[in-house]
Peer 1: 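Sharing a structure with you now.
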Amino acid sequence: RRLCEEKRVRVAPLRLCSAESGSDGCRLDDLLLVPLHSWYHSSWDREPGMEAGGPDSELRKAMPGVGMWTDHQLCKWPPHLANDEARALHFASLNRELV
């Protein structure tokens, strides 16, 4: 979080109020941006995958040097976050105070 603050990256919810907002500053139809922590887990995916002829399969044909995600090769995790489901649940739990 400190790195994000140093780089001026917003990581907290932000309400964007329209010019026509009321005296309290915002209306119900104003925009609320809430950045959420997440980690991909295939059980939540309802779209066809690259191997199933999904939309990304055309990209892979056009760019044959592009492989699959490298998250499993490049990220190192502590033992309690050893699998995708554990990571997904961990990151989702970080959002409880936001939603």
Side-chain angles (χ1 to χ4, degrees):
R1 187 172 194 134
R2 188 176 58 199
L3 176 62
C4 290
E5 290 170 358
E6 289 172 8
K7 300 297 181 184
R8 301 171 81 182
V9 174
R10 293 185 182 264
V11 294
L14 174 68
R15 182 179 295 259
L16 300 176
C17 300
S18 67
E20 297 121 21
S21 295
S23 61
D24 65 346
C26 289
R27 302 183 325 195
L28 288 177
D29 61 344
D30 289 333
L31 180 63
L32 180 62
L33 297 176
V34 183
L36 298 175
H37 301 278
S38 66
W39 186 264
Y40 172 78
H41 186 266
S42 60
S43 70
W44 301 346
D45 192 353
R46 300 293 180 248
E47 299 294 323
M50 290 181 183
E51 66 284 346
D56 294 335
S57 62
E58 292 302 315
L59 175 64
R60 288 191 61 167
K61 288 178 192 172
M63 301 174 66
V66 175
M68 298 292 282
W69 301 111
T70 59
D71 299 349
H72 294 89
Q73 292 81 24
L74 300 178
C75 295
K76 302 297 181 207
W77 299 98
H80 71 284
L81 298 175
N83 62 60
D84 283 341
E85 183 175 11
R87 290 186 285 267
L89 292 171
H90 168 74
F91 282 106
S93 75
L94 298 175
N95 297 319
R96 286 192 182 117
E97 67 186 52
L98 300 174
V99 294

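The residues of the chain are indexed from 1 along the displayed sequence.
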Peer 1: Honestly curious: do Leu3 and Val9 fall in one hydrophobic cluster under the side-chain, below-4.5 Å linking rule?
Peer 2: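 No; tracing contacts between hydrophobic side chains, which count when under 4.5 Å, never links both residues.
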Peer 1: Membership question, hydrophobic clusters at under 4.5 Å side-chain separation (ILVMFWY): are Trp39 and Leu94 in the same one?
Peer 2: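 Yes.
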Peer 1: NE2/His80 to CZ/Arg87 distance, rounded to the nearest 0.5 angstrom?
Peer 2: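 Reported to 0.5 Å precision, the distance equals 11.0 Å.
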Peer 1: Can you give me the closest heavy-atom contact between Pro35 and Ala12, atom names plus distance?
Peer 2: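 Here Pro35 and Ala12 meet closest at CD-O, 3.7 Å.
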Peer 1: Of all heavy-atom pairs between Leu36 and Asn95, which one has the smallest distance, and what is that distance?
Peer 2: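 Shortest heavy-atom contact: CA-OD1, 3.5 Å.
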Peer 1: Does the plane of the ring in Trp77 sit parallel, tilted or perpendicular to the ring in Phe91? Use 30° and 60° as the thresholds.
Peer 2: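 Because their plane-to-plane angle is over 60°, the rings of Trp77 and Phe91 count as perpendicular.
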Peer 1: Can you establish whether the number of heavy atoms outside Glu6 located under 6.0 Å from its atom CD is more than 12?
Peer 2: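 For Glu6, atom CD is crowded (more than 12 foreign heavy atoms under 6.0 Å).
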